[in-house]
Amino acid sequence: MSAHDVVFGFGAHTGIDDIPQLLRMARQADRDGLDIFTLSDHPYLGGRLDAYAALGFVLGSTRHIAGFANVTNLPTRPAPMLARTVTSLSALSGGRVVLGMGAGGLWDRIADMGVPLLSPGDAVDAFEEAIVLVKLLSGGGPPVTYEGKHYRVHRIEPAPVPAPPVWTGSVGRKSLAATGRVADGWIPGHAADWLSERYRTSRPVIDDAAASAGRDPGEIRTVFNFPGRITERPLPATRDSDGRWIGGSAAQWVEELTGAVLEHGASGFTLFSADHGAPDLTLLARWAQEVVPAVREAIAKR
């Protein structure tokens with residue numbers, strides 16, 4: 001995927017009982033030309049699929065669509081092994097992988113997995129080190145020795161495969177700054193969109209950190225998790241009293257998303273249902289067949 005292409009995708013089911021639905025949705029989205037699907041990563045929940053096992057299986061049954069964990073539960077997946085996982089998936093799928101990264105959210109459950117409990121500050125430091133190390137262990141070159149506070153490797157040969165793009169779920173200022181320094185994209189937390197206070201106050205932190213590190217802030221995507229419903233008729237109001245998007249007709253979605261790209265710099269959208277769950281097949285089909293092509297056309301005409 002080009003750094004400047006607007007990507008469209010959907011959030012998929014991860015329950016073991018949802019496997020048939022997951023596969024139907026991924027194959028339908030692949031046929032309909034969507035760019036990406038996402039899976040949550042909660043390894044402490046026995047009823048959920050392992051995100052990376054599921055990613056590999058779905059990528060193997062599709063041809064075009066890319067996949068990623070939205071976002072990877074980093075504390076349970078050590079960075080050197082994560083590097084091997086994502087470069088292997090990239091090699092197997094022809095580059096159809098994004099690395100979604102998070103510092104860890106539900107630390108009580110993470111610690112229940114036997115992972116050492118980290119302070120919030122240390123968790124973010126480990127998160128930044130991990131992104132750096134994954135990139136060092138990708139793309140070939142001489143053996144890597146890395147001595148960080150949280151990760152240490154000695155003369156480990158990088159995979160010859162380039163590192164996939166790294167998109168983060170950063171929320172706090174320290175994590176946002178890390179995104180600006182070392183990541184390639186950002187997914188605003190809590191399904192915040194381009195009109196939210198969270199976006200308005202958070203994106204400048206990323207941009208300032210990127211500029212301070214000598215990077216072009218414009219190269220760091222903002223990809224929005226975007227829940228809502230697609231209605232048969234236009235709604236009188238597409239946002240609730242708190243200003244959050246609730247949905248509308250296909251035409252209302254097209255108007256909203258086109259404006260997000262052209263006026264607010266949005267570079268991607270991941271569809272969820274109105275209750276923040278995975279969309280059903282009908283919603284997914286309307287998204288892929290009605291909304292997305294019209295948004296792409298509208299953007300191309302500007």
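Other residues, nucleotides and ligands place no more than 12 heavy atoms under 6.0 Å from the CZ atom of R63. More than 12 heavy-atom neighbours from other residues, nucleotides or ligands sit within 6.0 angstrom of CG on D108. Crowding of R84 atom CZ: a count of heavy atoms from other residues, nucleotides or ligands under 6.0 Å exceeding 12.
A donor and an acceptor atom, one from each side chain of R24 and Q21, are located under 3.5 Å apart. Between the side chains of S90 and R96, no donor N or O sits under 3.5 Å from an acceptor N or O.
With respect to the salt-bridge test (charged N to carboxylate O, under 4.0 angstrom), the residues R215 and D184 qualify. In this structure, R239 pairs ionically with D193, as a charged nitrogen and a carboxylate oxygen lie closer than 4.0 Å. Under the 4.0 Å criterion applied to side-chain N and carboxylate O atoms, D30 and R27 are not assigned as salt-bridge partners.
Hydrophobic cluster membership differs between L45 and Y52, with clusters built from Ile, Leu, Val, Met, Phe, Trp and Tyr side chains linked at under 4.5 angstrom.
Residues passing the ring pair (Phe, Tyr, Trp, His ring centres under 6.0 Å) test with F10, sequence neighbours excluded: none. Residues passing the ring pair (Phe, Tyr, Trp, His ring centres under 6.0 Å) test with F8, sequence neighbours excluded: F269.
A distance-only check finds no donor-acceptor pair linking the side chain of D18 to the backbone of L22 [under 3.5 Å].
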_Intermediate values then yes/no, side-chain contact (heavy atoms from CB on, under 4.5 Å), L271 and W253_ = CA-CA 11 Å; L271 177 71; W253 278 80; 3.7 Å; yes
